[in-house]
Amino acid sequence: VAATCGELSAHTRETLAVYTLHREAQLPEAEVARAVGIEPAAVYLRTARFEKELASNPALRDRAETFVGQVVRELQEV
């Protein structure tokens, strides 16, 4: 999973994690906030902004899809 995110900035990697936990894993904002160490309102804002960026940035969208796929595969192996 780390190799998928290597070229992304630390902020983008964290936002990808927030997006994945909130939208893909469907965890509540409060749980995502606690896991990442941010305020619950920030979870919503960062997720919404990231979704807009994904819609306009095909390279980032591909990277995010790859990341989510790898996370799912690794969780299935556990």
Side-chain angles (χ1 to χ4, degrees):
V1 174
T4 305
C5 299
E7 297 174 12
L8 300 176
S9 71
H11 179 75
T12 302
R13 287 193 307 264
E14 183 177 276
T15 300
L16 177 56
V18 168
Y19 166 81
T20 301
L21 291 170
H22 187 53
R23 287 291 194 252
E24 300 294 333
Q26 299 181 345
L27 294 176
E29 291 171 6
E31 286 185 39
V32 175
R34 195 170 22 260
V36 180
I38 60 177
E39 293 295 319
V43 171
Y44 173 80
L45 291 173
R46 286 175 75 170
T47 299
R49 287 182 189 140
F50 194 68
E51 288 176 326
K52 286 181 183 177
E53 190 171 354
L54 289 174
S56 65
N57 185 336
L60 181 59
R61 185 173 49 248
D62 289 345
R63 178 85 50 94
E65 289 173 0
T66 299
F67 174 78
V68 170
Q70 286 179 329
V71 169
V72 169
R73 279 190 299 282
E74 288 183 19
L75 289 173
Q76 289 173 337
E77 293 174 4
V78 175

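Side-chain atoms are counted along with the backbone in the values below, which use heavy atoms only and exclude waters and symmetry mates.
Sorted by first then second residue, the ring-ring contact (aromatic ring centres under 6.0 Å, His included) pairs that include residues 11-63, not counting sequence neighbours, are Tyr19-Phe50. Listed by first then second residue, pairs satisfying salt bridge (charged side-chain N to carboxylate O under 4.0 Å, His left out) with a partner in residues 47-62 read Arg23-Glu51, not counting sequence neighbours.
Listed by chain and number, the residues in a side chain to side chain donor-acceptor pair (under 3.5 Å) with Glu39 amount to none (sequence neighbours excluded). Judged as a salt bridge (Lys or Arg N to Asp or Glu O under 4.0 Å), and not counting sequence neighbours, Glu24 has no contacts. Glu65 pairs by the side chain to side chain donor-acceptor pair (under 3.5 Å) definition with nothing, not counting sequence neighbours.
One hydrophobic cluster, built from ILVMFWY side chains closer than 4.5 Å, holds both Leu54 and Val72.
Through side-chain heavy atoms spaced under 4.5 Å, either directly or across other Ile, Leu, Val, Met, Phe, Trp or Tyr residues, Ile38 is tied to Val18, Leu21, Leu27, Val32, Val36, Val43.
Judged by distance alone, with hydrogens and angles left aside, the side-chain atoms of Arg63 form no donor-acceptor pair with the main-chain N or O of Ala59 at under 3.5 Å.
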